[in-house]
Amino acid sequence: MANRTNRRWLLAERPRGPIEDSNFRWVEEPLPEPKGDGEILVRNLYLSADPTQRGWISRDTYLPAVKIGEVVRSGAVGRVERSTSSEYAVGELVQGLFGWQDYAVVPAKGPGAPMKVPPVPIPLAMSALGLTGLTAYFGLLDVGRPKEGDTVVVSGAAGATGSMVGQIARIKGCRAIGIAGGRDKCEWLLREARFDAAIDYKSEDVGARLRELCPKKIDVYFDNVGGPLLDVALAQLAMRGRIVLCGAIATYNDTELPPGPKNYLSLLVNRGRMEGFIVLDYMKRAPEAVMALMGWVSSGQVVDRVDVQEGLENAPRTLRRLFAGENQGKQLLKIADP
Ligand SMILES: NC(=O)c1ccc[n+]([C@@H]2O[C@H](COP(=O)([O-])OP(=O)(O)OC[C@H]3O[C@@H](n4cnc5c(N)ncnc54)[C@H](OP(=O)(O)O)[C@@H]3O)[C@@H](O)[C@H]2O)c1
């Protein structure tokens, strides 16, 4: 093996406000050894940048917080380099929470065991066919339950999850309206992802545009960003409207709890429902979603946009891109050639 060093980013301190390089510590350590029965050594190839990592390094969420001094938790795809398990062969591609590091030793069974990667290009396996594709699929269809003819509005629409939500909504016969930051992203939504309408929240009056575009109000609001946009959407909810609480990236860097949504009584007046979900709860049904998404991607009904940065040393900077809206679709970081 050419590279015998494991380069790693450890958590040095919990961020206060936006992520800074000083929140992390770069170390170079000897290669870890798979021990005992059933451990495997994985060479990370691509890391996934996800807004939820901001929560993982701050506090206990749906997973325990990363401890100070631990490697920063991150989704990844890697190649099996050594295996003491009959389940995984050397050379196979696997995905899991392998962290911001070149190499990870992981158990072959039980919690933390990797999943096999479908035989498609790695970026596609980590975007439309990966966790963000699954998030859009189950969040929209299971939690949002759209019906043909419904108006579906999604925030963070040009991002990894949001772009899939609008496209699945369109496939299901709904009107898909996206809210995104900037003219270029809105043009991409209309031209490439074939949304019915797009609103640039940075330069337009979102409330006025929603009133104009949704004369029958919003049947499903898929919320990726929280904050003031959630309030604006609540005010336009249709009778029996559903709000899918997927994420709230607009508030993840806040140092104090954000104010509650002012317009929450719209849920009462309209007999609405606002429901959160975590995609990890749907992993048993992942094959159903992957099959459907693979069909839509192969037939061209769904376009997949991936933004690949390079170099493990750029992990903190790559994560920050999500919060500045610099990512164009699913944000990945390539750290080694497949
Ligand atoms: N519940 C679950 O199981 C689950 C799973 C995966 C992801 N999520 C959540 O889904 C959301 C999207 O995640 P993703 O991985 O698909 O990321 P993404 O949408 O590809 O990237 C994040 C986007 O958020 C937007 N953004 C950043 N700050 C914002 C602000 N202050 N106001 C409005 N928009 C802002 C930016 O787009 P603009 O340029 O348009 O501002 C940025 O491109 C996140 O909230 C994430 O936590 C939840």
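As the structure is a prediction and not an experimental result, all values here were calculated from the model. Order of listing sets the numbers, starting from 1, for every ligand and every atom in it.
- Nearest protein neighbour of atom 26 (N) of ligand 1, counting heavy atoms only, is I249 CG2, 3.6 Å.
- The residue among T52, N224, V154 with a heavy atom at the shortest distance from atom 44 (C) of ligand 1 is N224.
- Atom 21 (O) of ligand 1 has its closest protein heavy atom at N327 ND2, 3.1 Å.
- Counting the atoms of ligand 1 from 1 in the order shown, those under 4.0 Å from a heavy atom of F323 are 27 (C), 28 (N).
- Among D50, L131, L322, the residue whose heavy atom lies closest to atom 27 (C) of ligand 1 is L322.
- Using cut-offs of 30° and 60° for the angle between ring planes, the W9 and F24 rings count as perpendicular.
- For R8 against N6, the heavy-atom pair with the smallest separation is CG-O, 3.5 Å.
- Atom 17 (O) of ligand 1 has its closest protein heavy atom at P51 CG, 3.6 Å.
- When only non-hydrogen protein atoms are considered, atom 19 (O) of ligand 1 lies nearest to G159 CA, 3.3 Å.
- With a heavy-atom cut-off of 4.0 Å, A248 touches ligand 1 through its backbone alone.
- Numbered from 1 in the order shown, with element, the atoms of ligand 1 that lie under 4.0 Å from a heavy atom of A250 read 30 (C), 31 (N), 32 (N).
- Within ligand 1, the atoms closer than 4.0 Å to a non-hydrogen atom of A180 are 40 (O), numbered from 1 in the order shown.
- For the side-chain hydrogen bond (donor to acceptor under 3.5 Å, both in side chains) with S48, the qualifying choice from Q331, K330, Q53 is K330, the only one to do so.
- Polar contact check, V279 against ligand 1: a nitrogen or oxygen pair lies under 3.5 Å apart.
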